[in-house]
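Report on the structure given below.
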Amino acid sequence: MTMTRREFLSASAALAVAPALGADAWGAPLPREADIVVIGAGAAGIAAARRIKAANRRVIVVEATGLIGGRCLTDTATFGVPFDRGARWMHNADTSPMVKLARGAGLDVYPAPPGQKIRVGRRNARAGEIEYFLAALVRANRAIDDASRGKVDVSCASALPKDLGDWAGTAEFMLGANATGKDLKDISAIDRARALERNNAPIACRQGLGTLIAKLGEQIPLALSTPASRIAWSGRDVTVETPAGRIAARAAIITVSSNVLTAGNIKFTPDIPKRHLDAAAKLSLGSYDHIALQLPGNPLGLARDEIIIEQSNSTRTALLFADIGSSSMCSIDVAGSFGRDLAAQGEPAMVAFAVEWLTKLFGSDAVAAVKKSSATRWNAAPFALGAMSSAAPGSQPSRKTLTEPIGCMFLAGEATHETLWGTVDGAWESGERAAEAALRRIGALRDPEPAAAPARAPKQRRRVAE
Ligand SMILES: Cc1cc2nc3c(=O)[nH]c(=O)nc-3n(C[C@H](O)[C@H](O)[C@H](O)COP(=O)(O)OP(=O)(O)OC[C@H]3O[C@@H](n4cnc5c(N)ncnc54)[C@H](O)[C@@H]3O)c2cc1C
């Protein structure tokens, strides 16, 4: 897919929902040269650029849209409170680089309320029903883990216990679409089993995760609204073409999503190896969208930041994040093939579904007064083309393939992380890894000294019999 400059500008404008914090579009002409060029100012690109800057090397980030953040984008304009249009949750407070960085940047982080409420039609699930559901989830997870140890990789769906009854749809939604953007039939059991736990105690940033990435990019030289259109590369150097001019560099880090890479929006001279393109295709992005509704006066009667799912025997379901930050905004999240089909019908259809779904669970009075609405459509965002990667059955090794250098180019981004794929943490770590590989490539970072061989123990003299 190619885009004209005009299409590109209108696409960027559509995304420009909030000013990028501190991110000056490159006022001066683009630099002609840099040590390393980074393509994309999402989490991976900003992490890479910060690492390169910390090594005192010249870096420039070129970003196609008018904003920093990529799939982390906080919209403060629509509802007057931060609305994360992309990623919202960080995971594992003890190990997450993002939680640490958020605290370091002076932003407020807070845990999601423990546990989720489950609706069974108009009522809350009873204790026995919740126990049954949780047990079903544990059994399903265990079955996927067991399947991942088989000789041949299979889909998660084929491993799922067949007796989940009325909870089958909810279990499939929670483990598949809601966790990865894809239905379980499209997900590799090995990829899913290797993923580090991400449902444990999610943590949010009160100012928004997009705000965090924008803040972390504040001191980075970057050119917004500057899509890379062609990259000429070799083993020695690289030239990146943009509408604002060319940049010659000794290495490049490419952080665009797997779907953007395979869509061919960036031309490569020579072509990048088929091996990498095939790997990216096997790690295509799933679908995940937020449908945000403003419901003044808390008509759903829910507590701040409450998360609600429903008992469902199909995947035509959603997740509600209610009363976000005590605002009157709530978000109905749709994902997987159902979410993809719904989003393809456009924003009015998405809002209509959200209203119908809430009516089913809380009654029509509760949704009578929707004041404002807004829905994301990540599959249609030209510089993302989807939500997050997951591997097709048999394709888990593709993640490693993507980390293999291509001449002096290095791929980064969530899809390249073997255990934290699909997350902001994974994107961040992948950016740092690629930056270190690129710095090594240009001689700015030495390979770690091989561990010194253990000193040989002096040969024991054979005791000569006295
Ligand atoms: C709705 C949704 C909800 C999510 N929820 C969570 C969550 O709760 N927690 C979590 O951890 N993760 C979540 N994710 C996933 C998370 O957002 C991503 O894993 C992460 O942000 C990816 O970062 P990245 O840097 O790899 O890619 P991106 O953010 O996609 O960055 C790539 C950048 O490259 C730019 N680009 C593309 N083409 C070009 C070009 N030709 N020239 C220059 N620049 C270009 C793009 O504009 C973009 O800024 C969610 C994603 C979505 C969509």
Side-chain angles (χ1 to χ4, degrees), residues 2-3 8 11-12 15 20 37-48 61-73 84-92 96-99 112 178-181 196 198-199 202-205 209-210 212-213 217 222-231 240-243 253-261 263-267 285-291 319 321 331 333-335 339 343 375-379 381-390 411-417 420-431 434:
T2 50
M3 285 192 93
F8 154 68
S12 299
L15 275 173
V37 186
V38 176
I39 316 295
I46 296 299
V61 181
V62 295
E63 165 56 46
T65 71
L67 296 165
I68 296 181
R71 284 172 272 166
C72 291
L73 184 60
D84 270 324
R85 299 185 73 87
R88 172 187 292 145
W89 302 108
M90 300 172 278
H91 309 277
N92 307 318
S96 161
M98 303 322 298
V99 170
N178 182 62
T180 70
L196 286 185
R198 49 201 66 179
N199 285 329
I203 300 148
C205 172
L209 216 41
L212 170 63
I213 303 296
L222 51 81
L224 297 177
S225 304
T226 307
S229 52
R230 179 176 292 278
I231 303 179
V240 177
E241 273 181 37
T242 79
I253 295 174
I254 299 164
T255 72
V256 302
S257 75
S258 51
N259 280 15
V260 169
L261 192 68
N265 297 4
I266 304 177
K267 307 283 176 241
L285 304 188
S287 183
Y288 200 109
D289 282 299
H290 305 300
I291 309 166
L319 177 143
F321 182 37
S331 169
D333 294 353
V334 290
T376 66
R377 296 177 65 229
W378 284 98
N379 304 324
F383 298 109
L385 296 175
M388 65 277 280
S389 74
S390 66
L411 302 181
E414 54 87 10
T416 68
H417 201 292
L420 286 171
W421 48 266
T423 70
V424 184
D425 282 331
W428 191 269
E429 287 190 1
S430 79

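As the structure lists them, so they are numbered: ligands from 1, and atoms in each ligand from 1.
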For L224, the option from I68, L67, T65 that meets side-chain contact (heavy atoms from CB on, under 4.5 Å): I68
Modelled atom types, side-chain donor and acceptor of S389 and E414, under 3.5 Å: yes
T423: side chain to side chain donor-acceptor pair (under 3.5 Å) partners, not counting sequence neighbours: none
Set of residues that line ligand 1, where lining means a heavy atom lies under 4.0 Å from it: I39, G40, A41, G42, A43, A44, V62, E63, A64, T65, G69, G70, R71, C72, R85, G86, A87, R88, W89, H91, P227, A228, T255, V256, V260, I266, Y288, H290, W378, F383, A387, M388, G413, E414, G422, T423, V424, A427
Residue pair R71, S257: steps toward the side chain to side chain donor-acceptor pair (under 3.5 Å) verdict: CA-CA 9 Å; R71 284 172 272 166; S257 75; 4.8 Å; no
Contact check, side chains of E63 and L222, non-hydrogen atoms, under 4.5 Å: no
Full working for side-chain contact (heavy atoms from CB on, under 4.5 Å) between W378 and D289: CA-CA 7 Å; W378 284 98; D289 282 299; 3.3 Å; yes
